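Please read the structure below before turning to the comments.
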2 protein chains.
Amino acid sequence: MTNSNRKSKTIKPENSAPRKRLGARSREQQIIDESISFFAEKGFTGKTRELASRLGFTQPLLYRYFHTKQDLIDRVFEEVYLNRIKPDWIVQLQDRSRPLEERLCEFYTVYSQATYRYEWIRIYMFSALMGEKLNQRYIKLIENEILTPICLELRDYYRLPDCEPVSQVELDHVWVTHGGLFYYAVRKHIYHSRVGNDFSAIVSRAISTMLAGSKTIFSDQFDDA
Amino acid sequence: MTNSNRKSKTIKPENSAPRKRLGARSREQQIIDESISFFAEKGFTGKTRELASRLGFTQPLLYRYFHTKQDLIDRVFEEVYLNRIKPDWIVQLQDRSRPLEERLCEFYTVYSQATYRYEWIRIYMFSALMGEKLNQRYIKLIENEILTPICLELRDYYRLPDCEPVSQVELDHVWVTHGGLFYYAVRKHIYHSRVGNDFSAIVSRAISTMLAGSKTIFSDQFDDA
DNA sequence: TTGTCTATTTATCATCTGATAAACTAAGCC
DNA sequence: GGCTTAGTTTATCAGATGATAAATAGACAA
């Protein structure tokens, strides 16, 4: 009865491909690549059999390359979170020989190209909802390596003193713009919503608005100092 | 063997509560309430046995009130998406006898109180990742009932003509602020991140910035008209 | 008290799903 | 060819999970 609907044992001559046999290295990378795409679409409750089916082989083969499903998921996390932010971006961001508006637009262009992708955005959100610690570490990284430097550049832009540490108020304020731009990717890849197709123009307008309108917010930080 | 770890059959005198017996109505509402909290935390792959355990009764009882798990999830969706946006908010938003800045701040205060909650934000994001159609309908509702009116108020604010329909550029621009504020709730409830505790002040600064800095963005819409 | 109704539990099923062991087979080497 | 190595499949397990049927028991009425 279990065998009644299995007829593939001996009858497989019409299958054009005899059977691919990949080396361990390339097979492993192939699995990781497809897993990113697969888990991005289905979430981490996606079934191993369906993943294997997409890869064109049977489910137990996955366990030759990854001891458990969680091991595979961890590798996917690594791939998603690791080396996303290039240190050079922050260096460029702080190059005061160029206009801040230009630097910010350029930064968000390269940053968005690296992260505002279907796979990245969705895996990022899935893992955050799961309470993954990597996500929280990543947020701290963004605050320390990106938003805090931006706050300091804004102080310089508004010709304000730069003695005190960046406050939560300043941080929250740049988070609004940062989050607003990130939310473009959420609308596109998670909500599957219709969005404007010229993202660099959206960035340009958002940055221009923030610079033109935030002076008093940053100034107020030093009123009673 | 199956029975070896079951000792609750006859021995249950020490359990203080003998056994609650609720009416159908109140039990059903109790299940929905707890389900919202449960699925918000675990996602919709949360197990029915764990949900029942939280409710203090056994798993099959769920199936007396909801025919399938999906039925229960659908009820949770309804509860989350239904009647979130009160028509009066939009009426107030368009009351030009009051300053726009004041109206926008007030709107985002009531709007955030209704939606920027742990349960709501998480269920919203889980369902969006699942590709729920209700989510896409909700986004359209926001665009039509909230963001488009805001764009029209901004045109009035900048004393621009109000003849053409609201463009995608205008919409995308107010989406940045709207999304930036929404992202505050994402950081708080999904990333479990440290956020400023005075959200109304954050709203106030974001609105003030947008109004002070967006004039050229909206004006440019009518340059070549 | 007794009886009826229905809320709740116990027992159980069928299927799914992650994981393992063993059989199979393609590829390289002698 | 025959041998060895390693990539792949087949068969299968054990536990989890949504769902159902039947047994149990609290509440209320006569």
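Every chain is numbered from 1, with letters handed out A, B, ... down the list of sequences. Values below: every heavy atom of this structure, side chains too, minus hydrogens, waters and symmetry copies. Computed from a prediction, not measured in an experiment: that's the story for all the values here.
- Atom pair A:Leu61:CG and C:dA22:P shows a separation of 18 Å (rounding to whole Å applied).
- Side chain of A:Pro60, nearest nucleotide from C:dT9, C:dA21, D:dT8: C:dA21.
- If you measure from atom CZ of B:Phe57 to atom P of C:dT10, you get 14 Å, rounded to the nearest angstrom.
- Whole-Å rounding puts the A:Gln30 CD to D:dG7 P distance at 14 Å.
- Separating the CD atom of B:Gln70 from the C1' atom of D:dT17 is a distance of 15 Å, rounded to the nearest angstrom.
- Between the NZ atom of B:Lys47 and the C1' atom of C:dC16 there is a distance of 11 Å, given to the nearest Å.
- Between C:dT17 and A:Thr48, no contact under 4.0 Å exists linking OP1 or OP2 to a side-chain N or O.
- Using a 4.0 Å cut-off between a side-chain N of Lys or Arg and a carboxylate O of Asp or Glu, A:Glu41 and A:Arg54 qualify as a salt bridge.
- Ring-centre distance between B:Tyr124 and B:Phe182: below the 6.0 Å cut-off.
- Of the possible donor and acceptor atoms, one in the side chain of B:His189 sits under 3.5 Å from a partner among the backbone N and O of B:Tyr116.
- Taking only distance into account, the side chain of A:Arg49 meets the base of C:dG18 through a donor-acceptor pair shorter than 3.5 Å.
- Under the 6.0 Å cut-off for aromatic ring centres, B:His178 and B:Phe107 do not qualify, their centroids lying 6.0 Å or more apart.
- Between B:Tyr184 and the choices B:Tyr108, B:Tyr191, B:Phe199, the ring pair (Phe, Tyr, Trp, His ring centres under 6.0 Å) rule is met once, by B:Phe199.
- In the set C:dA7, D:dT8, D:dA21, C:dA7 carries the atom at the smallest distance from any side-chain atom of B:Arg64.
- Nearest nucleotide to the A:Gln59 side chain, out of C:dT8, D:dG18, C:dA19: C:dA19.
- The distance between atom NE2 of B:His67 and atom P of D:dA19, rounded to the nearest whole Å, is 9 Å.
- Rounded to whole Å, the distance from CZ on A:Arg25 to P on D:dA6 is 15 Å.
- Across D:dA19, D:dT8, C:dT8, the shortest atom-to-atom separation from the side chain of B:Tyr65 is found for C:dT8.
- Distance CZ (B:Phe66) to P (D:dT20): 15 Å, rounded to an integer number of Å.
- Between C:dT9, C:dT20, D:dG18, one nucleotide has an atom nearer to the side chain of A:Tyr63 than all others, and that is C:dT20.
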